Amino acid sequence: MLSLFPSPPFKRPLSRGPERERGGCALRLRFAPSPTGYLHVGGARTALYNWLLARQSGGSFILRIEDTDLSRSTEEAIEAILRDLRWLGLEWDEGPDAGGDHWPYRQTGRMALYHDAARRLLEGGHAYRCFCSPEELKERRERALQEGRAPMYDRRCLSLAEEEVRRLAKKGRPYALRFKVPEGETVVRDAIRGEITFHNREIEDFVLLRSDGTPTYNLAVVVDDVEMRVSHVVRGDDHLSNTPKQLLLYRALGAEAPAFAHLPMIVGQDGKPLSKRHGDVSVGHYRETGFLPEAMVNFLALLGWSLDDSTTIIDRETLVAGFSLERVTSKPAVWDTDKLYWLNSQYIMAHGDGELAEAVAPFLAREGLIAEDDGEALDKLRRAAPLIRERIKVLSDAVPLLAFLFREVETEAEARELLRGEENREVLREAGKRLLELELFDTGSIESLLRAMAEEMGLKPRKAFQPIRVALTGSKISPPLFESMELLGREKCLQRIARALDQG
RNA sequence: GGCGCAUUAGUCUAGUUGGCCUAGGACGCCGCCCUCUCAAGGCGGAGAUCGCGGGUUCGAAUCCCGCAUGCGCUACCA
C-alpha cells in the first residue's frame, strides 16, 4: 500500500502541501456535497472519514457546497445537509456558515475563480472552444454507440482555424470550452487501491465551461481544491474515473495535486448501489426514527473499515485516534440495517438515566404524550429509563412502551381476552382490593403483595400478572410490571383495574 | 463497445511481508438456561470447498495468468 496516508500517529511528514510550512502534518480535507437532496448515508460516511482524518491530524475539515447545477440545487437541501452533519457531530472548521480564509464556500459564489482558471487554460493552449451543439453531440455519440465505436468527442473543433473561431464567436454562436487532453498516460495513486494507470487516449476532451458559462464538475472541483489548499481528497468510488481528468487539470494549471483516496460504494443486499429501493437512505430518516448519532457514526465507520479483527463498538475518540485509510477495504459495503439496530441498542444501553430520558423525551413530545419542556414528565422519564433501556433498539420504541404513563389506555384487541373470563376478573378484583390496603406503594411491596396473592389463589405468576399488565398498560407487552405500577401510582392503578372490570 | 475497480459464511469484516488459517471476531439465525410479558444476559450450535480455471512453490485466501459475474465511469450531472 502506498504511504500517502501513513497510519496514525503520522510518523512521516507529508511530502507536499502548504501544511508543512506550519510545521505539522495537519491535513486539509473537505466534504463537498451537491445540495440536490437530503444527506445520504453514503455521503455521511464520506464526510465522516474526512472529518476523522482532519481531527486526527489536527488539520481542517472544510465543508463546500457544490451547487453549480442550478436547476437541481436548493436552499432547503443545504439546510438539511448542514443539520444532519451537525447531528452526527461532524463539525466543520470552514464552510458556508463558518467562515474561513477561502470564502465563499459555495461554488455559485466562486465563478470568477473558475473563469480565471478557464482563461488561463485557454491562453496556455490547454483548452479550446467547441461550437458543436449539444444536439449534434448527442446524435454523434448515439451513432458511435450503434456502430460499436467509443462514443468520444471527435475533436472536430480542435482543428478550427483561428479566424474561423473568431468569426463564429463574433456571430454570437454559443460555445463550450473543452480541455485538450494530452497524449501519454496518467497514473492515479490512490491510498486505498494503489496505483492505477489510465491511457489518455481513453479520455475525451471533456467540457470545462458550458456554453452558459458555468463550470463543470471537473473544473470547479480542481480549482476549488487548489484554492482551498486541500491536501487529501477522500471521496466515493464513483469519482475514480474522473481522477485522471482532474490530475491533468492540476498539471495544466501548474498546481500540485492532492493525495487521493476512493471509498468503496455502499450497496444494498442485492449488490446494487444503495437507493430508495432498499429502504431509507437518508440520515434524516435515521435521526427521526431514534438512532443515536454515536451509533450512526460507529456504524458508518465500520462500513468498509475496521479497527482490528474483533472490535465492533468504537467510541468517537477511539475512532479519531485509530482510523486509517490503510484499513479501508476496496470492496463495496452492504448496508445492513439489522446490525445498525443492534449497535444502536448497545449505545442506548450505555446511556445513563438522565441521558436516556432526555433523548427519549422529544419522541414522546412528538406524539403529544408530553409537553416539550415538561419538567415533571422528564423526571418520570428518568425514573422509567431503567425499565426501557434494555427493551428499545431505537428511541421511538419508547413511545408504545411508555405511553401508558402519560395517557389513559386503550386495550389492544389481541389483549382483551386477558380481561375476560372469571379467573382473570377474579385476579383483578383481588388485586384491586389488596393494593388498596398496601401501605407503601413501591416496587418491592407491590411485588411481594402480588406474589403472595398469586400463591394464595393457586395461580402461576404469569397467569396472575398478565391481566393486571393488560389492565394497566393496555398491552401484553410492557416494561416490568411492579416497577411500572410504582411509576403509575396507586390511584391510577386502582382506577384502571376498576375500569377494566367495568368493561369486561 | 472501451476503460477502470471489486469478488472470504445471509451480512459487516480479520487475514498487512505466502506456512501460527483444520479461516478469527461481530450482526442475524437455531437451541437451551434465566424469567411477571417483552427484552437484556449466560451457554451452546449450524453456516465459507476464501467467484471459477490454470500456474509458481515443499506449502496460497494471500503471488502470476486467463475466465466469469457485479459495479462505476465513458454527459455542456455531480
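The structure presented is a predicted model; accordingly, all values stated were derived computationally and were not measured. Lettering of chains follows the sequences in order, A, B, ..., and the numbering in each one begins at 1.
Atom OH in A:Tyr217 sits roughly 12 Å away from atom C1' in B:C73 (whole-Å rounding). Taking atom CD1 on A:Ile348 and atom P on B:A39, their separation rounds to 16 Å, with Å as the unit. If you take CZ of A:Arg391 and C1' of B:G41, they are 12 Å apart, rounded to a whole angstrom. One interatomic measurement links the two molecules: CE of A:Met265 to P of B:C71, which rounds to 12 Å at whole-angstrom precision. Here the P atom of nucleotide B:A78 and the CG atom of A:Leu249 are 14 Å apart, to the nearest Å. Atoms CG (A:Leu401) and C1' (B:A39) sit 9 Å apart, rounded to a whole Å. A:Met296 places its CE atom 15 Å from the C1' atom of B:C12, with the value rounded to the nearest Å. Counting to the nearest Å, the P atom of B:C36 and the CD1 atom of A:Ile468 are 13 Å from each other.
Listed in residue order, the members of residues 476-486 of chain A having a heavy atom less than 4.0 Å from RNA chain B are A:Lys476, A:Ile477, A:Ser478, A:Pro479, A:Pro480, A:Leu481, A:Phe482, A:Glu483. Looking at residues 443-463 of chain A, you'll see A:Arg451, A:Pro461, A:Arg462 sit with a heavy atom under 4.0 Å from some atom of RNA chain B.
Nucleic acid contact class of A:Asn242 (heavy atoms, under 4.0 Å, all strands): base. Note on A:Ser475: nothing from the nucleic acid sits closer than 4.0 angstrom, heavy atoms only. Counting any heavy atom pair closer than 4.0 Å across all strands shown, A:Gly304 reaches sugar-phosphate atoms only and no base atom. Contact annotation for A:His262: no contact, since no heavy-atom pair falls under 4.0 Å across all strands. Nucleic acid contact class of A:Thr473 (heavy atoms, under 4.0 Å, all strands): none.
The C1' atoms of B:U8 and B:U56 are separated by 22 Å, rounded to the nearest whole Å. Using P as the reference atom, B:G1 and B:C63 are 29 Å apart when rounded to the nearest Å. Using atom P as the reference point in both B:G4 and B:A60, the two lie 30 Å apart (nearest Å).
In this structure, the side chain to side chain donor-acceptor pair (under 3.5 Å) partners of A:Tyr175, at least two apart in sequence or on a different chain, are A:Arg129. With sequence neighbours left out, A:Glu139 forms a salt bridge (Lys or Arg N to Asp or Glu O under 4.0 Å) with A:Arg143. A:Glu185 pairs by the side chain to side chain donor-acceptor pair (under 3.5 Å) definition with A:His199, not counting sequence neighbours. For A:Thr289, the side chain to side chain donor-acceptor pair (under 3.5 Å) criterion is met by A:His285, not counting sequence neighbours. Remark: A:Glu455 engages no residue in a salt bridge (Lys or Arg N to Asp or Glu O under 4.0 Å) (not counting sequence neighbours). The salt bridge (Lys or Arg N to Asp or Glu O under 4.0 Å) test applied to A:Arg496 returns A:Glu408, not counting sequence neighbours. Partners of A:Arg72 by salt bridge (Lys or Arg N to Asp or Glu O under 4.0 Å), not counting sequence neighbours, listed by chain and number: A:Asp69.
The nucleotide B:G44 finds its pairing partner in B:C30, both defining distances of the Watson-Crick or G-U wobble pair being shorter than 3.5 Å. Of all nucleotides present, none satisfies the Watson-Crick or G-U wobble test against B:G59 with each distance under 3.5 Å. In a base pair of the Watson-Crick type (N1 to N3 plus N6-O4 or O6-N4) or a G-U wobble (N1-O2 and O6-N3), with each distance short of 3.5 Å, B:G72 is matched with B:C3. Pair assignment for B:C20 gives none, since no Watson-Crick or G-U wobble pairing has each distance under 3.5 Å. Across all strands shown, B:C12 forms a Watson-Crick or G-U wobble pair, both distances under 3.5 Å, with B:G25. In this structure B:C52 sits in a base pair with B:G66, meeting the Watson-Crick or G-U test at under 3.5 Å.
If you check distances only, the side chain of A:Ser211 does reach the base of B:C76 with a donor-acceptor pair under 3.5 Å.
The shortest distance between the side-chain N/O atoms of A:Lys272 and the OP1/OP2 oxygens of B:C71 is below 4.0 Å. Close to B:U16, at under 4.0 Å from its OP1 or OP2, lies no side-chain N or O of A:Arg327.
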Report the C-alpha distance between A:Arg235 and A:Thr243 in whole Å, list the side-chain angles of each, state the deciding distance to 0.1 Å, and finish with yes or no for side chain to side chain donor-acceptor pair (under 3.5 Å).
CA-CA 11 Å; A:Arg235 77 226 306 189; A:Thr243 310; 3.3 Å; yes
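Nearest to the side chain of A:Ser306, among B:A78, B:G72, B:A14, sits B:A14. Comparing B:U74, B:A78, B:C36 by their closest approach to the side chain of A:Glu204 singles out B:U74. Relative to the side chain of A:Asp238, the nucleotides B:C71, B:C73, B:C12 differ in distance, and B:C73 lies closest.
A:Arg451 CZ to A:Ile446 CD1: the interatomic distance, rounded to the nearest 0.5 Å, is 12.5 Å. Put simply, OH on A:Tyr49 and OG on A:Ser324 are 10.5 Å apart, with the number rounded to the nearest 0.5 Å. In this structure, A:Arg140 CZ and A:Tyr153 OH are separated by 6.0 Å, a value rounded to the nearest 0.5 Å. Summarising the geometry, atom CG belonging to A:Leu113 is positioned 10.5 Å from atom CE belonging to A:Met111; distances are rounded to the nearest 0.5 Å.
Both the sub-6.0 Å distance and the 45° axial angle are satisfied by A:Lys245 relative to the ring of A:Phe206.
For the 3.5 Å distance criterion, the side chains of A:Gln466 and A:Arg469 qualify, holding a donor opposite an acceptor. Of the N and O atoms on the side chains of A:Thr216 and A:Asn218, not one donor lies less than 3.5 Å from an acceptor on the other residue. With hydrogens and angles left out, the side-chain atoms of A:Asp205 and A:Tyr128 include a donor and acceptor closer than 3.5 Å.
With A:Arg193 contributing its side chain and A:Ser330 its backbone, the two residues share a donor-acceptor pair below 3.5 Å. The backbone N or O of A:Cys130 sits nowhere less than 3.5 Å from a side-chain atom of A:Arg178 that would complete a donor-acceptor pair.
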Protein within reach of the bases, or only the backbone? For nucleotides 3-8 of chain B, mark each nucleotide 5' to 3' as B, S or -, using heavy atoms under 4.0 Å.
SSSSSS
Protein proximity profile, nucleotides 18-34 of chain B - base contact B, sugar-phosphate-only contact S, no contact -, cut-off 4.0 Å on heavy atoms:
------BSBSS------
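If you run ring-ring contact (aromatic ring centres under 6.0 Å, His included) between A:Phe299 and each of A:Tyr347, A:Tyr286, A:Trp335, A:Trp342, only A:Trp335 comes through.
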Are there any protein N/O atoms within less than 3.5 Å of an N/O atom in nucleotides 60-67 of chain B, and if so, which ones and at what distance?
none

